[in-house]
Amino acid sequence: MSDLTALDFDPFLREALQSEPVIRIRLPHGTPGECWLATRHDAVRFVTSDPRFSRDIVGRPLPSMNRYLIPLDRAVSFVDPPDHARVRSVVSSAFNRSSVAALRPHAQAVLDPLIDSMVAAGPPADLVQHVTSQFPMHVMGTVLGVPEADRPRLRTWADAVLTRAKDEAEVERAGQAKEEARTFFRELARERRSQPQADLISELGAAVDSGKIEEEELLALATLMALNGWHAVRNHTSNMVYLLLTDDSLKNRLRSDPDAVPAAVEELLRWIPHKHGVGQARIATEDVEVGGVLIRRGEAVYVSYVAANWDEGCYPEPHRIDIDRKGPPHLAFGYGPHTCVAPLLARMEAEVLLTTLITRLPDLRLAIDPAHVPWQKDVLIRGPVELPVTW
């Protein structure tokens, strides 16, 4: 996947969408052999919501996209219901509609000084360095209760853990980063359990004390939210700004109609091929028919949310960015029990960022040719390394 340019759609997935809803593929690593890949919108929703497909895959021999898998111990991503629902319920109130709405003024208060600092530095400036990297780090840091001085460590750990490990040295670095993050959150949770504050770590600590979750589950959940909450939003918002600055029709529409930003965020979430590869597998626990294909018990099934979001049966002319598009909800945040823990938070951050940029810096533009924007190659979620801008 490293040879894809900018936000080009994967040609393999484009071709797969013209085939059957579920196809046989061979992946480069892990246990030799073939597995299944669901690409169509209906097939992806079926596989990700049917309890006969298990995410309890840690330690199983599977074909894999990656040479190395470094799962977080007791991560909710690899737990099936009912334990999965039990753990997620502890954080659900922190990311519901009312909680995220209450957080919006704070997000704005975080963002404004970051833009002030970039403007003060003068053009050209790297928007990723000044804004899209810093913004989600501080928002998630506030939600979790990570002291401001410690927040840059979240980025360091995420860069190590959420990168495709190419060799044993990178595996070791990722493992070390994971353990450092777990140690940090263990100490922070114990501190909050003796002196609670209005943050998620305090809620998680209370859940441990009440017996609702175990400490290992707290550590996995806090680490997952901290690292993904920065990494995913950083790249999602950077991608959106890149498109805003390279698509004149999109830019003109939002400048003339800022109220269209939420609809634009939804369409960009659908359109942007945000993930490299096909994520993590599910295992069929019994024979299941999907899209006319019989998947046998014990076989591995992958899904592509990226492909599903470009399914022509749901989204006519999927390659076209259309803010006014009608159709089923996109699957950028996943589907079923393992959908993203905090989609409303990610949406809110994107809306605040885009609205602020188009109102405060209406003449914002790339300072270099779009073809020269460098892109990350070995990360799980696609995004630019930097976005040099002027205004």
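These numbers come from the heavy atoms of this one structure, side chains and all, not from hydrogens, waters or symmetry mates. Predicted model only: the values in this text are computed from it and were never measured.
Hydrophobic clustering of Ile, Leu, Val, Met, Phe, Trp and Tyr side chains at less than 4.5 Å, counting indirect connections, keeps Val44 apart from Ile25. Linking Ile, Leu, Val, Met, Phe, Trp and Tyr residues whenever their side-chain heavy atoms come within less than 4.5 Å places Phe95 and Leu204 in a single cluster. Residue Leu364 is grouped with residue Leu250 when hydrophobic side chains (ILVMFWY) are merged at heavy-atom distances under 4.5 angstrom, including chains of intermediate members. Clustering ILVMFWY residues whenever any of their side-chain heavy atoms sit less than 4.5 angstrom apart, transitively, puts Trp271 in the very cluster that holds Val265. A continuous path of ILVMFWY side-chain contacts below 4.5 Å connects Phe12 to Leu7, so both sit in one hydrophobic cluster.
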The test is side-chain contact (heavy atoms from CB on, under 4.5 Å); show your working for Glu216 and Leu221 and say whether it passes. CA-CA 9 Å; Glu216 289 300 310; Leu221 195 54; over 6 Å; no
Step-by-step salt bridge (charged side-chain N to carboxylate O under 4.0 Å, His left out) determination, Glu187 to Arg182: CA-CA 9 Å; Glu187 293 173 354; Arg182 285 165 51 80; over 6 Å; no
Passes side-chain contact (heavy atoms from CB on, under 4.5 Å), Leu127 versus Glu386? Steps please. CA-CA 7 Å; Leu127 192 77; Glu386 59 185 42; over 6 Å; no
Start with the C-alpha distance between Arg45 and Asp50, add both sets of side-chain angles, then the distance that settles salt bridge (charged side-chain N to carboxylate O under 4.0 Å, His left out), and finish with yes or no. CA-CA 8 Å; Arg45 295 205 323 169; Asp50 192 292; over 6 Å; no
Do Val161 and Thr223 pass the side-chain contact (heavy atoms from CB on, under 4.5 Å) test, and can you show the C-alpha distance, the side-chain angles, and the key distance before you say yes or no? CA-CA 10 Å; Val161 174; Thr223 303; over 6 Å; no
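Glu172 and Gln176 form no side-chain donor-acceptor contact under 3.5 Å, judged by distance and modelled atom types alone. A donor-acceptor pair shorter than 3.5 Å cannot be found between the side chains of Thr285 and Ser54. Residues Arg55 and His338 have side chains that never bring a donor and an acceptor to within less than 3.5 angstrom of each other. No side-chain N or O of Gln280 forms a donor-acceptor pair with one of Ser77 less than 3.5 Å apart. For the residue pair Thr156/Asp159, the side-chain donor-acceptor check at 3.5 Å is not satisfied. Asn96 and Ser93 share no side-chain donor-acceptor pair at under 3.5 Å.
No donor-acceptor pair closer than 3.5 Å links the side chain of Asp363 to the backbone N or O of Trp391. Formation of a donor-acceptor pair under 3.5 Å by the Asn309 side chain with backbone atoms of Leu331 is found in this model. Arg60 places a side-chain N or O within donor-acceptor distance of the main-chain N or O of Asp56, the cut-off being under 3.5 Å. For the pair Thr31 (side chain) and Leu62 (backbone), a donor-acceptor distance under 3.5 Å is present. Judged by distance alone, the side chain of Arg255 and the main-chain N or O of Pro362 form a donor-acceptor pair under 3.5 Å. Between the side chain of Arg270 and the backbone N or O of Pro318 there is at least one donor-acceptor pair closer than 3.5 Å. Looking at Ser92, its side chain does come within 3.5 Å of a backbone N or O of Ser89 through a donor-acceptor pair. Although no hydrogens or angles enter the test, the distance criterion places a donor-acceptor pair under 3.5 Å between the side chain of Asp311 and the main chain of His41. Of the possible donor and acceptor atoms, none in the side chain of Tyr242 sits under 3.5 Å from a partner among the backbone N and O of Thr237. Counting only distance, with no hydrogens or angles, the side chain of Asn235 and the backbone of His231 share a donor-acceptor pair below 3.5 Å.
In this structure the side chain of Glu299 never reaches within 4.5 angstrom of the side chain of Arg282, judged on heavy atoms. With contacts defined as side-chain heavy-atom distances shorter than 4.5 Å, the pair Ser304/Leu37 qualifies. Residues Val288 and Val47 form no side-chain contact, since every pair of their non-hydrogen atoms from C-beta on lies 4.5 Å or further apart. Counting heavy atoms from C-beta on, the side chains of Asp322 and Glu317 never come closer than 4.5 Å. Residues Arg155 and Ser133 meet the side-chain proximity criterion, which asks for heavy atoms closer than 4.5 Å. By the 4.5 Å heavy-atom criterion applied to side chains, Met240 and Leu353 are not counted as neighbours. A heavy-atom distance below 4.5 Å is not found between the side chains of Phe53 and Ile283. At a threshold of 4.5 Å between non-hydrogen side-chain atoms, the residues Met348 and Leu344 do not count as touching.
In this pair, Trp310 and Phe9 present their aromatic rings parallel. The plane angle is below 30°, not in the 30 to 60° band.
More than 12 non-hydrogen atoms from other residues, nucleotides or ligands lie less than 6.0 angstrom from CD of Glu34. Within a 6.0 Å radius of CZ in Arg296, no more than 12 heavy atoms belonging to other residues, nucleotides or ligands are found. For Arg297, the CZ atom is loosely surrounded, since the number of other residues' heavy atoms within 6.0 Å does not exceed 12. Within 6.0 Å of the CZ atom in Arg97, the count of heavy atoms belonging to other residues, nucleotides or ligands does not exceed 12.
Annotation for Arg193 and Val208: closest pair NH2-CG1, 3.6 Å, computed over non-hydrogen atoms. Of all heavy-atom pairs spanning Ala308 and Tyr315, the tightest one is O-CE1, 3.6 Å. Nearest heavy atom pair, residue Ser99 against residue Ala94, reads CB-O, 3.4 Å. Of all the heavy atoms in Val110 and His138, the pair that sits closest is CG1-CB, 3.7 Å. When all heavy atoms are compared, the tightest approach of Pro316 to Arg325 is O-NH1, 2.7 Å. Closest heavy-atom contact between Ala174 and Ala160: CB-O, 3.5 Å.
In terms of the ring-ring contact (aromatic ring centres under 6.0 Å, His included) criterion, residue partners of His274 (sequence neighbours excluded) are, by chain and number, His236. For Tyr335, there are no ring-ring contact (aromatic ring centres under 6.0 Å, His included) partners two or more places apart in sequence or in a different chain.
Taken from CH2 in Trp375 to NZ in Lys377, the straight-line distance is 9.5 Å, to the nearest 0.5 Å. The CD atom of Glu286 sits 12.0 Å away from the CD1 atom of Ile295 when rounded to the nearest 0.5 Å. One finds the CZ atom of Arg360 at 8.5 Å from the CE atom of Met118 (value rounded to the nearest 0.5 Å). Expressed to the nearest 0.5 Å, how far NZ of Lys251 lies from CG of Leu354 amounts to 13.5 Å. Glu179 CD to Phe184 CZ: the interatomic distance, rounded to the nearest 0.5 Å, is 15.0 Å. Taken from CD1 in Ile201 to CD in Glu191, the straight-line distance is 10.5 Å, to the nearest 0.5 Å.
With ring centers used as reference points, His330 lies 6.0 Å or more from Tyr305. Between Tyr302 and Trp36, the gap from one ring centroid to the other reaches at least 6.0 Å.
Classification of Arg86 and Glu217 as a salt-bridged pair holds, one side-chain N sitting under 4.0 Å from a carboxylate O. A salt bridge is defined here as a Lys NZ or Arg NE, NH1 or NH2 lying under 4.0 Å from an Asp or Glu carboxylate O, and Arg192 with Glu203 fails to meet this definition. The pair Arg382-Asp8 does not count as a salt bridge, with every side-chain nitrogen at least 4.0 angstrom from each carboxylate oxygen.
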